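Since the structure comes first, as C-alpha cells, the remarks are kept for the end.
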Protein chains: 2
Amino acid sequence: MSPRRSVADALSTRAAILDRSVAIASLEGLEGLTIGRLATELGMSKSGVLGHFGSKEALQLAVLERAGEVFRAEVWEPAVPATPGLPRLAALCEAWISYLEREVFPGGCFFVAAAHEFDGREGAVRDAIEARFDAWSARLCKEAGRAVEAGDLPGDTDPADVAFELMGLLMALNHALQLHRDPRAADRARRAVRARLRSARPPGA
Amino acid sequence: MSPRRSVADALSTRAAILDRSVAIASLEGLEGLTIGRLATELGMSKSGVLGHFGSKEALQLAVLERAGEVFRAEVWEPAVPATPGLPRLAALCEAWISYLEREVFPGGCFFVAAAHEFDGREGAVRDAIEARFDAWSARLCKEAGRAVEAGDLPGDTDPADVAFELMGLLMALNHALQLHRDPRAADRARRAVRARLRSARPPGA
DNA sequence: CCTACCGATCGGTAGG
DNA sequence: CCTACCGATCGGTAGG
C-alpha cells in the first residue's frame with residue numbers, strides 16, 4: 001500500500017523480531033536466545049533475522065534497548081505524577097512491584113536476570129546492563145535525598161543506604177515470585193517498603 | 001600404592017571434575033558448563049568426564065551438591081556456635097556477607113546465580129535449587145521466630161517477613177559486588193542487617 | 001529477504 | 001579411562 005512498502009516492512013519485521021526476542025530472552029536468557037530459534041518461530045531464515053542486526057551481540061543490545069522501553073513505560077512513567085521525594089520513591093517501588101505482579105516479562109525482571117547472566121563477563125552487553133542499573137540506583141538515590149531534605153526521612157539517612165535496601169526488597173520479591181511462585185510475596189514486599197519509608201518522626205509531627 | 005588404586009583414582013578424578021565444574025559454573029552458569037570444556041581443562045576425553053555422571057543433568061546435580069557442601073561449611077557452620085535466636089540470625093547474615101566478601105565462589109553466590117538461571121525452567125535441577133532456598137529460608141525463619149519468642153524482636157513480628165527482608169539485603173549485596181564491583185556494599189549490608197535486627201525495645205529494657 | 005554453506009561445538013553413544 | 005563417531009545446533013558468511 002505504501003510507496004515505500006519495503007522500508008516500512010523492514011521496520012515492522014525488526015520490531016517483530018525484537019518483541020519475540022524479549023519474550024524468549026526473559027525466560028531463557030540473552031545467551032539462550034538463538035538466531036535459529038528466532039528464525040523458526042518467526043518463519044524466517046537465519047540470515048533474514050541476522051541481517052537486521054549484524055551479529056548476535058548487536059541483537060542482544062537491541063533487545064536490552066527494547067526491554068528498557070517497556071521498563072520505562074511500566075515503572076518510570078507511572079511515578080512521574082507523584083510528588084518528588086518520599087511519595088515518588090514510594091510510587092517507584094509500587095510500580096516495580098506491580099510490574100512484577102503483572103508479569104510484564106514472563107521471566108520476572110528482565111534486567112535482574114540479565115545482570116546475573118552477564119555479571120561474570122566482559123563486553124558491551126554487560127556494560128549496557130550495568131548502565132541501566134546505575135540509572136535506576138541514581139533515580140532512587142535522588143528521590144531518597146529529596147525525602148531527607150524535606151524531613152520525610154531522618155536527617156542522618158544516607159540516600160544510598162535507602163536505595164540499596166529498597167533494591168534488596170525488589171530483588172527478594174523477584175526471587176520469591178520466580179523461584180518459589182509465592183503469591184504472598186508481593187504483599188510482603190509492600191509491607192517492607194512501607195516500613196522502610198515510614199518517617200522516624202512521630203505521626204503528625 | 002593402594003591395592004585398590006583404580007577405585008581411589010576414580011574418586012579423586014570425580015572430585016577434581018566437580019571442583020573444576022564449580023569454578024566454571026560459578027562464572028558461566030550451570031548451562032555454560034560444558035563437557036568439552038571440562039575435558040580440555042582437565043586433560044581428559046569427553047567420555048572420560050561424562051562416564052562419572054552419565055549425563056549433563058546428573059553432572060549439574062552433582063555440582064549443586066558440591067557447591068552445597070562448600071556453602072554449608074562457609075555459611076551454616078560458622079553460625080552453629082552462636083546462641084539460638086537473634087545472635088545466631090546475626091551470625092548467619094555475617095557469615096553470608098563474609099562468604100561473598102571472600103569470593104568463596106568467583107561469580108558470587110552460586111545459588112543466587114543458579115536460581116536466576118533456572119527459575120524459568122522445569123526439571124530436577126530447578127527443583128534441587130528451590131529445595132536449597134527452602135532450607136535456607138526455613139533456617140532464617142526459625143531463628144527469627146526464636147528471637148521473637150525471646151523478646152529480642154517485637155512481639156508482632158512475622159518471622160517470614162524478617163527472613164524475606166534479610167534475603168533481600170543479601171541479594172542486593174551480591175548484585176552490588178558482582179555487577180557494580182562496589183567495595184562499599186559489604187558495609188552497607190552490615191549496617192542494614194544491624195538496623196533490621198535491632199530490637200524495638202529500648203536498650204537495656 | 002532467500003538458499004546454501006562454513007567450521008566449531010554441543011550432548012551423547014559404541015566399542016573397547 | 002580411551003578413540004572414533006553420531007545428528008543437531010551454534011553464529012556467521014557468500015552470493016544472489
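Only this structure's heavy atoms are used, side chains among them; waters, hydrogens and symmetry mates stay out. In what follows, chains carry the letters A, B, and so on, assigned in the order in which the sequence lines appear, proteins first and then strands, with residues in each chain numbered from 1. Computed from a prediction, not measured in an experiment: that's the story for all the values here.
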Does the distance from a Lys or Arg side-chain N to an Asp or Glu carboxylate O, for [X] and [Y], drop under 4.0 Å?
X      : Y      : answer
B:E101 : B:R190 : yes
A:R188 : B:D158 : yes
A:R72  : A:E69  : no

If I take atom [atom1] in residue [X] and atom [atom2] in nucleotide [N], what distance separates them, rounded to the nearest angstrom?
X     : N      : atom1 : atom2 : value
A:L38 : D:dT9  : CG    : C1'   : 14 Å
B:E57 : C:dC10 : CD    : C1'   : 16 Å
A:L42 : C:dC2  : CG    : C1'   : 15 Å
B:L50 : D:dA4  : CG    : C1'   : 16 Å
B:R37 : D:dC10 : CZ    : P     : 20 Å

Determine whether A:L140 and A:L89 make a side-chain contact, defined as any pair of heavy atoms from C-beta on separated by less than 4.5 Å.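 A side-chain contact exists here, since the closest heavy-atom pair is under 4.5 Å.
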I need the residues from residues 24-34 of chain B with at least one non-hydrogen atom less than 4.0 Å from DNA chain C; give them sorted by number, or say none.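 Correct list: B:L33, B:T34.
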For the residue pair A:F111 and A:F71, is the inter-centroid distance of their aromatic rings smaller than 6.0 Å?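 Aromatic pair counts; centres sit under 6.0 Å.
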Aromatic ring proximity, centroids under 6.0 angstrom, A:W96 and A:Y99: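 Yes, the ring centres sit under 6.0 Å apart.
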Among [options], the nucleotide that comes nearest once only the side chain of [X] is considered:
X     : options               : result
A:S47 : C:dT3, C:dG12, C:dA14 : C:dT3
A:K46 : D:dG11, C:dC1, C:dG12 : D:dG11
B:I35 : D:dG12, C:dG11, C:dT3 : C:dG11
A:T13 : C:dG11, D:dT13, C:dC1 : C:dC1

Donor-acceptor pair present, A:K56 side chain and D:dG12 base, under 3.5 Å: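 No.
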With both distances kept under 3.5 Å, what pairs with D:dG16, Watson-Crick or G-U wobble?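 In the structure as shown, D:dG16 has C:dC1 as its Watson-Crick or wobble partner.
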Going from CG on A:L30 to NZ on A:K56, what distance comes out if it is rounded to the nearest 0.5 angstrom?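 The NZ atom of A:K56 is 8.5 Å from CG of A:L30, to the nearest 0.5 Å.
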